Visitor: 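Encoded as structure tokens, here's the structure I'll be asking about.
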Protein chains: 2
Amino acid sequence: MCQNNKCNCSSGSIGRFLQPCLLLLLHRSPNHGYGLIQSLGEFGFSDTNIDPGSIYRQLRKMEEEGLVKSQWSIEQNGPAKRLYHLTNEGEELIHAWAAAMEINKQRIETFLSIYKKTFRKE
Amino acid sequence: MCQNNKCNCSSGSIGRFLQPCLLLLLHRSPNHGYGLIQSLGEFGFSDTNIDPGSIYRQLRKMEEEGLVKSQWSIEQNGPAKRLYHLTNEGEELIHAWAAAMEINKQRIETFLSIYKKTFRKE
DNA sequence: TCCTATATATGTAAAGTGCACATAAGTAAT
DNA sequence: ATTACTTATGTGCACTTTACATATATAGGA
């Protein structure tokens, strides 16, 4: 959220970037929720703007949809981990996300272009 | 929505661009809902991906928040129009939105950079 | 024993989204 | 005049999203 309470620009939280980022991370290597939370730092998100509950729920939802599959891992130390890996369907969706990202990038650039034209101070 | 029913990338509808685009249009000149819908084409949105209900609701919500103010206009031909104009608070919010857009643009570029690194076919 | 880190998950209220539907006034043609 | 279209503004509703708090459990170190 912005400082301004009337702005729903959501520049703080990970929001809609969550699914595509998780898919991309899981394409690189299977991982579990807690590990993914830390890896999200690569995309510019700190653990302060990531709600663990959202990550675990998102992973479960993606499993329901057949984008990922999971299995319990009790091999290593610490509590049991639910290890996720990407399915073929999940990998295909990454490309759809990339295309959507390009479209959104273009829209943002259009907005910023009009904004700068409007408020430029020569 | 994507062709893919599992993708919530929302590259079709105007979604979160609605508020900032309306504010920017109203900064240029006072306008009413129906006129704003048509002007949104400037930002790359066609009337096919704009739900009129969402526009009118968004305008009312922004008025509640003090970002815009409205008055009925019965001067011209056709049905009465609710003419909106921007408040100072609304204008300030445009700048907050622009800043948020820059952040989101950066995030998209980060995602696309990692995506291309992952899937590059030399 | 108590605290911290690791790890996963649920509960819930509030807000947002998309789609369909309702209403109404003017305009233009038959 | 009545039919149909354009202009113009809204409501209803089911569904999803979001944020924030809370619950649970294992292991390691002080």
Side-chain angles (χ1 to χ4, degrees), chain A residues 1-2 4-22 30-40 45-65 68 70-84 100 104, chain B residues 1-2 5-22 30-40 45-65 68 70-84 100:
Chain A
M1 195 91 68
C2 286
N4 194 321
N5 61 337
K6 282 157 192 167
C7 179
N8 60 350
C9 29
S10 75
S11 55
S13 63
I14 189 165
R16 309 211 149 170
F17 285 91
L18 183 52
Q19 188 182 89
C21 290
L22 290 178
N31 204 345
H32 60 285
Y34 197 85
L36 287 163
I37 288 170
Q38 295 164 320
S39 298
L40 283 169
F45 299 103
S46 68
D47 43 359
T48 57
N49 44 24
I50 296 176
D51 166 37
S54 300
I55 273 72
Y56 294 112
R57 248 196 283 256
Q58 181 65 39
L59 288 166
R60 294 302 211 93
K61 190 191 155 220
M62 291 198 292
E63 186 160 27
E64 272 177 44
E65 293 171 341
V68 299
S70 75
Q71 58 203 32
W72 284 103
S73 160
I74 48 172
E75 310 157 24
Q76 291 152 298
N77 295 336
K81 303 165 187 181
R82 191 187 282 274
L83 257 180
Y84 287 92
N104 271 302
Chain B
M1 194 93 66
C2 286
N5 60 338
K6 281 155 192 170
C7 181
N8 60 350
C9 27
S10 72
S11 53
S13 63
I14 189 166
R16 310 212 150 173
F17 285 91
L18 183 52
Q19 188 182 91
C21 290
L22 290 178
N31 205 345
H32 60 285
Y34 197 84
L36 288 163
I37 289 170
Q38 295 165 319
S39 298
L40 283 169
F45 300 102
S46 68
D47 43 0
T48 57
N49 45 27
I50 296 175
D51 166 37
S54 300
I55 273 73
Y56 294 112
R57 247 196 283 257
Q58 181 66 39
L59 288 167
R60 294 302 210 93
K61 190 194 153 217
M62 291 198 291
E63 186 160 27
E64 273 177 44
E65 293 171 342
V68 298
S70 75
Q71 59 204 34
W72 284 103
S73 159
I74 48 171
E75 311 156 24
Q76 291 152 298
N77 295 335
K81 303 165 188 182
R82 192 189 281 275
L83 257 181
Y84 287 92

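In what follows, chains carry the letters A, B, and so on, assigned in the order in which the sequence lines appear, proteins first and then strands, with residues in each chain numbered from 1. What's counted below: heavy atoms across the whole structure, side chains too, no hydrogens, waters or symmetry copies. The model shown is predicted, which means the values in this text are computed figures rather than measured ones.
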Visitor: Report the distance from atom OH of B:Y84 to atom C1' of D:dG10, rounded to the nearest whole Å.
Guide: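 Taking OH of B:Y84 and C1' of D:dG10, I get 10 Å after rounding.
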Visitor: Give the C-alpha distance, both sets of side-chain angles, the deciding distance and a yes or no for salt bridge (Lys or Arg N to Asp or Glu O under 4.0 Å) between A:E64 and A:R60.
Guide: CA-CA 6 Å; A:E64 272 177 44; A:R60 294 302 211 93; over 6 Å; no
Visitor: Hey, could you give me the CG/CD1 distance between B:L18 and B:I50, rounded to the nearest 0.5 Å?
Guide: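 CD1 of B:I50 is found 8.0 Å from CG of B:L18.
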Visitor: Would you indicate which nucleotide in D:dC20, C:dA7, C:dT8 comes nearest to any side-chain atom of A:W72?
Guide: C:dT8
Visitor: May I ask you to verify if any side-chain N or O of B:S13 is less than 4.0 angstrom from the OP1 or OP2 atom of C:dG18?
Guide: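 Answer yes for this pair, as a side-chain N or O of B:S13 is under 4.0 Å from OP1 or OP2.
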Visitor: When you check the phosphate oxygens OP1 and OP2 of D:dG10, does a side-chain N or O of B:R82 lie under 4.0 Å from one of them?
Guide: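 Yes, because at least one side-chain N or O of B:R82 sits under 4.0 Å from OP1 or OP2 of D:dG10.
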Visitor: In whole angstrom, give the distance that lies between atom CD of A:E65 and atom C1' of D:dT16.
Guide: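 Between C1' of D:dT16 and CD of A:E65: 12 Å.
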Visitor: Return the value, rounded to whole Å, for the distance between atom CZ of B:R57 and atom C1' of C:dG18.
Guide: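 One finds 10 Å between C1' of C:dG18 and CZ of B:R57, rounded.
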Visitor: Kindly say if B:R16 contacts the phosphate of C:dG16, meaning a side-chain N or O under 4.0 Å from OP1 or OP2.
Guide: no
Visitor: On the nucleotide D:dT17, are OP1 or OP2 found under 4.0 Å from the side-chain N or O atoms that A:K61 carries?
Guide: yes
Visitor: If only side-chain N and O atoms of A:Y34 are considered, is one of them under 4.0 Å from the OP1 or OP2 phosphate oxygen of C:dA7?
Guide: no
Visitor: Counting only side-chain nitrogens and oxygens, does A:Y56 get under 4.0 Å of the OP1 or OP2 atom of C:dA9?
Guide: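 No, outside the criterion.
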Visitor: Whole-Å distance between C:dA9 C1' and A:H32 NE2?
Guide: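 One finds 14 Å between C1' of C:dA9 and NE2 of A:H32, rounded.
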Visitor: Where the side chain of A:Q19 meets the backbone of A:Q58, is there a donor-acceptor pair that is under 3.5 Å apart?
Guide: no
Visitor: Quickly work out the B:R60 CZ to C:dG16 P distance and round it to whole Å.
Guide: 16 Å
Visitor: Looking across every strand, which nucleic acid part, if any, lies under 4.0 Å from B:G53 by heavy atom: base, sugar-phosphate, or nothing?
Guide: base
Visitor: For A:I55 and D:dA21, what is the distance between atoms CD1 and P respectively, to the nearest whole Å?
Guide: 16 Å
Visitor: Verify side chain to side chain contact (heavy atoms under 4.5 Å, CB included) between B:L22 and B:N31, making sure each step is shown before the conclusion.
Guide: CA-CA 10 Å; B:L22 290 178; B:N31 205 345; over 6 Å; no
Visitor: For the pair A:N104 (side chain) and A:A100 (backbone), establish whether a donor and an acceptor sit closer than 3.5 Å, ignoring hydrogens and angles.
Guide: yes
Visitor: Measure CD/A:Q58 against C1'/C:dT8 and give the value in whole Å, please.
Guide: 16 Å
Visitor: Give the rounded distance in Å between these two atoms: CD of B:Q19 and P of C:dA15.
Guide: 14 Å
